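Since the structure is predicted, the reported quantities are computational estimates derived from the model, not experimental observations. Remember, it's 1-based here, ligands and their atoms both numbered in the order they're listed. For the numbers below, each heavy atom of this structure counts, side chains included, while hydrogens, waters and symmetry mates do not.
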Amino acid sequence: MSGVWTVLLLWGCVFLPALSHGALVISQDASTPQGSDGATRLLKKRSTENAEVEMYSVKVNCKVASRFAHTVITSSALNKANSSQEVFFEVDLPKTAFITNFSMEIEGQMYTSEVKEKEKAKKQYEKAVSTGRTAGLVKASGRKMERFSVSVNIAANSNVTFILTYEELLQRKLGQYEIMTRVKPKQLVQHFEIVADIYEPQGIAFLEAYGTFISNELIPLVEKTVTDKKAHISFCPTLDQQRKCPGCDGTLIDGDFFIKYDVNRAETIGDIQIVNGYFVHFFAPPDLPQVPKNVVFVIDRSGSMSGIKLKQTKEAILTILNDLAEDDNFGIVLFDSHISTWKESLTKATKEIVSEAQKFIQGITDLGTTNINDAVMKAVDMIMKGIRDKKVPERSVSMVILLTDGMPNSGESSVPQIQENVRDAMGGNMSLFCLGFGNDVDYSFLDVMSRQNQGLARKIYEGSDATVQLQGFYEEVASPLLSEVDLRYPDNLVNSLTTSHYKQLFNGSEIVVAGRLTDNNLDNFLVEVFAQGFEDDFIVKGQASAQEWDILYPEQEYIFGDYTERLWAYLTIQQLLSKRETGTAEEKGNATALALEMSLQYSFVTSLTSMVVTKPETDEGPEGPLIADKLTEDERQKAHRFGNNVPQLMSNTWTHSSISPTYFVDGDPHFMIELPEQEDALCFNIDDKPGTIFNLVRDQLTGILVNGQTIGDKKVAPDGKVNTYFGRFGIVHQGLGVRLEVTTRDITVSQDGKQAKLFWSDSASLKGTNMDLQVTKDRSLTVTLRDSVRFVVILHKVWKQHPYHQDYLGFYTLDSHLLSPSVHGLLGQFYHGVQFEVRDMHPGKVSEKPDATMLVKGQELTVTRGWQRDFRWDVKNGENIPCWFIHSNGNGLIDGNHTDYIMSGLFKTV
Ligand SMILES: *[C@@H]1O[C@H](CO)[C@@H](O)[C@H](O)[C@H]1NC(C)=O
Ligand SMILES: *[C@@H]1O[C@H](CO)[C@@H](O)[C@H](O)[C@H]1NC(C)=O
Ligand SMILES: *[C@@H]1O[C@H](CO)[C@@H](O)[C@H](O)[C@H]1NC(C)=O
Ligand SMILES: *[C@@H]1O[C@H](CO)[C@@H](O)[C@H](O)[C@H]1NC(C)=O
Ligand SMILES: *[C@@H]1O[C@H](CO)[C@@H](O)[C@H](O)[C@H]1NC(C)=O
Ligand SMILES: *[C@@H]1O[C@H](CO)[C@@H](O)[C@H](O)[C@H]1NC(C)=O
Ligand SMILES: *[C@@H]1O[C@H](CO)[C@@H](O)[C@H](O)[C@H]1NC(C)=O
């Protein structure tokens, strides 16, 4: 048994997915034959040694033809148990990808999926929900990915194969294309492979492939063969090569696999391909000089930016200023409820001026509310004045970069009005780039406003790398090479063209235009590009002719021949979806209709469609359909803010609990607040005399009360430390008239004057209309009370002859979202979230446990990075969860003093 891998296992699987961004997972479920209880599922032992579901094959197969990537993930598992088991399949896929197909093969039978209009699918879904039998499948997962998951019940000794396909157009950023694949099989896999075949007609300039999890020993296993236009990459570690150490079961495969490459750019006109009735044009001319830019940074310094965010923003801006070219002009606008500028007008970015600006930036302090409207207006004025007064070069690109972390709440605060004002003021003469910092921004407001002004928005995630994210974004737009780029094709030969005018082309990016041809047999296809360059107009013309794909590349069976058509469809749908948010009502209507039609025709799961998977019938009756949706930006934002509990995605217990915050107390007693939303956890101990009764949860509105009484060791251990543990819990639901007393020996249930006793020595279940109790022999008790309040009590059996310790209990909250906002208690007060910020990490007393300053509930606390054990999956050993430890009985984190939570009786509220 190794302690190390269990930590990683936990990391990846269910409770802190945000920390790990989960991934390709097939996990088993050792639940009872009824099989639908999420709580029992959580309590199963998640170790690989005795896994009854063996995942024997995981294959990631990616084909890229001219940046269009088609990825198929195939995974097979065998249920070795002699009872049916629930098998999970989870895949993280890039947000920018569309799922196009999903199928399952079970006992030789194929179950397929169908892409349907979202509204229609929803009806089916709601019907299934009303009978309690369904799951929402896609949810947000980290920054770049979203997660597809599905589970099916598999009969004893049966195989299941899952096949998921998704497609995306790789976008060139900072001079390269990136293919990212997340692999976290969580167990050793007999056949594991990642294989990619790339075909790029322009020739491959460079290519690198690596995995975040790939150690020095595994590097030689990443094989790549690059021959002019083709690249073949594979990574196929054997069972033994996957092992963490010789003979152990932990797997090294746990992380992201990246392929990054760029293509040659010999032709200024770019590359034009005409295949199967569609054409695509890739435009990114080499060796162009930068066009000077006029940029105004509009920086939010409202109160919400205080602390780390403002610090990181300053750091980023300082570097960005250094990177300005000497013939760039720039300005700085700061805003909260007031607007101030560094200098009234744009200024040339000479070295002296830049260092003056940097001093100014360093002096920024935070205060006030957020007046976005006036701040952007000010920036627009500065640029327009610069242009009017001819202070900026005639051929220059103008842009406003707005950075904010909040919603407009001062000055003009109507979102549509601000959007209209900004659009009118900018008048197509400059671009707006918006950076939304953190989870409190109204991101879709920024997103729409940027796109209305030929720019784009980017989310900046709170975290230690925020400075890097800010700089990275700036780098992408820092070097405009061309402006007013107009790409022209013969009108009479092309219809259904994607966007062919771009406000600017940035260094390191690429413009892609695709269209459908009216004539399939072209000899000559004239392409022209007009744009404004640094000193001159930029004009290039070129000819292209249709290619018979089969003749040109007869042996390349791996290249899919209809890629130009699918690429065109992908691009068209993306652009239509964007138009839906920025156009007039009629444009929106037309765009929606067309995007929907095309999503259905090409079987893309977009924000307008859902994929309906028909699950096979099992012994326990037919299972409901499963639905996979694509998240909209709004839903993603909500998911980040509230965990993944977006109502329409929250459907069955396991999806729900897998990402929900978790609160528990266990051990000697340590309290743990796991917060996937913040990607972090908080912990504290409460030390007091044995026998003390503490209130853990109390909700007056729903009438729920949980108290716990501590016990001590049998006798004081030689180190003199008096350990306490919880030995008895009292759980009350007043409304239902239910009262439970749980001790290390038995469980007493009282309801309506009747009493029943359950013993830990037997597995048992007690089902009532309002209450469901489930005892797993000598291990755990799951309590589900009507309205989805669910607790688990874990029994820790200690060796009878142990000189000091005795049996004790742990208490875990699995589902508390239906409790009222006034819920309180040592655990209850955190059920509706807790805002905190950690900064200034520094070495602590123990070298491997750094200290830091935590801002929480208006106080500054010194906290220590440590870990505590979570015993849900491994009752014996527990699994380590890193957390911020709050000293002195949670003082400062919990409301009041821990003594305030002491109760006079197990069922008492005072
Ligand atoms: C399979 O079933 C038999 C009896 O039905 C039981 O004795 C045995 O322990 C089971 N094996 C496993 C691996 O569950
Ligand atoms: C979806 O995948 C299944 C299994 O690989 C395949 O049989 C089916 O043809 C695919 N459907 C589409 C539309 O590609
Ligand atoms: C499961 O699939 C594997 C590989 O295809 C095959 O060797 C094995 O016989 C199958 N087992 C069962 C029980 O179908
Ligand atoms: C564009 O980026 C490349 C590296 O990706 C760099 O070598 C080149 O100098 C840049 N050009 C300009 C004008 O910034
Ligand atoms: C944008 O620029 C054009 C040409 O320079 C000018 O005529 C127009 O008034 C400008 N728009 C706004 C809103 O200032
Ligand atoms: C919307 O579609 C209708 C019917 O196809 C067409 O007549 C109309 O011009 C379209 N409107 C816009 C704004 O594209
Ligand atoms: C909490 O209350 C106890 C008893 O009233 C007192 O001794 C202790 O100093 C208090 N602790 C804090 C941190 O206020």
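Checking side-chain atoms of Ser113 against main-chain N and O of Phe102 turns up a donor-acceptor pair under 3.5 Å. Between the Thr606 side chain and the Ala595 main chain, no donor and acceptor come within less than 3.5 Å of each other. In this structure, the side chain of Lys260 does not engage the main chain of Leu207 through any donor-acceptor pair within 3.5 Å. In this structure, His281 contributes its side chain and Ile269 its backbone to a donor-acceptor pair below 3.5 Å. At least one donor-acceptor pair closer than 3.5 Å links the side chain of Lys503 to the backbone N or O of Gly428.
At a cut-off of 3.5 Å, with distance as the only test, a side-chain donor of Asn294 or Ser396 sits close to an acceptor on the other residue.
No more than 12 heavy atoms of other residues, nucleotides or ligands lie within 6.0 Å of CD in Glu267, so this atom counts as exposed by the packing criterion.
Close to ligand 2: Ser103, with a non-hydrogen atom less than 4.0 angstrom away. Every heavy atom of Glu105 sits 4.0 Å or more from the atoms of ligand 2. The shortest heavy-atom distance from Gly175 to ligand 4 is not under 4.0 Å.
In the vicinity of Met110, heavy-atom distances shorter than 4.0 Å reach the ligand 2 atoms 4 (C). Short contacts between ligand 4 and Ser479, defined as distances under 4.0 Å to a heavy atom of the residue, involve ligand atoms 14 (O). Every atom of ligand 4 with a heavy atom of Leu288 under 4.0 Å away is listed here by number and element: 13 (C). In the vicinity of Gln290, heavy-atom distances shorter than 4.0 Å reach the ligand 4 atoms 13 (C).
When distances from atom 2 (O) of ligand 4 to the protein are checked, a heavy atom turns up under 4.0 Å. By the definition of a contact as any protein heavy atom under 4.0 Å away, atom 7 (O) of ligand 2 is not in contact.
Atom 13 (C) of ligand 6 has as its closest protein heavy atom Glu587 CG, 3.7 Å. Counting only heavy atoms of the protein, atom 10 (C) of ligand 2 lies nearest to Asn101 ND2, 2.4 Å. Ranking protein heavy atoms by distance to atom 14 (O) of ligand 4, first place goes to Asn507 ND2, 3.3 Å. Protein heavy atom in closest approach to atom 9 (O) of ligand 6: Glu586 OE2, 4.0 Å. Nearest non-hydrogen protein atom to atom 12 (C) of ligand 6 is Asn590 ND2, 3.1 Å.
Here Arg458 pairs with Glu476 in a salt bridge; the nearest charged N to carboxylate O distance falls below 4.0 Å. Under a 4.0 Å N-O distance rule, the pair Arg67/Glu200 qualifies as a salt bridge. For the pair Glu535 and Arg395, the salt-bridge criterion is not met [side-chain N within less than 4.0 Å of a carboxylate O].
For Leu174, no heavy-atom contact with ligand 4 is shorter than 4.0 Å.
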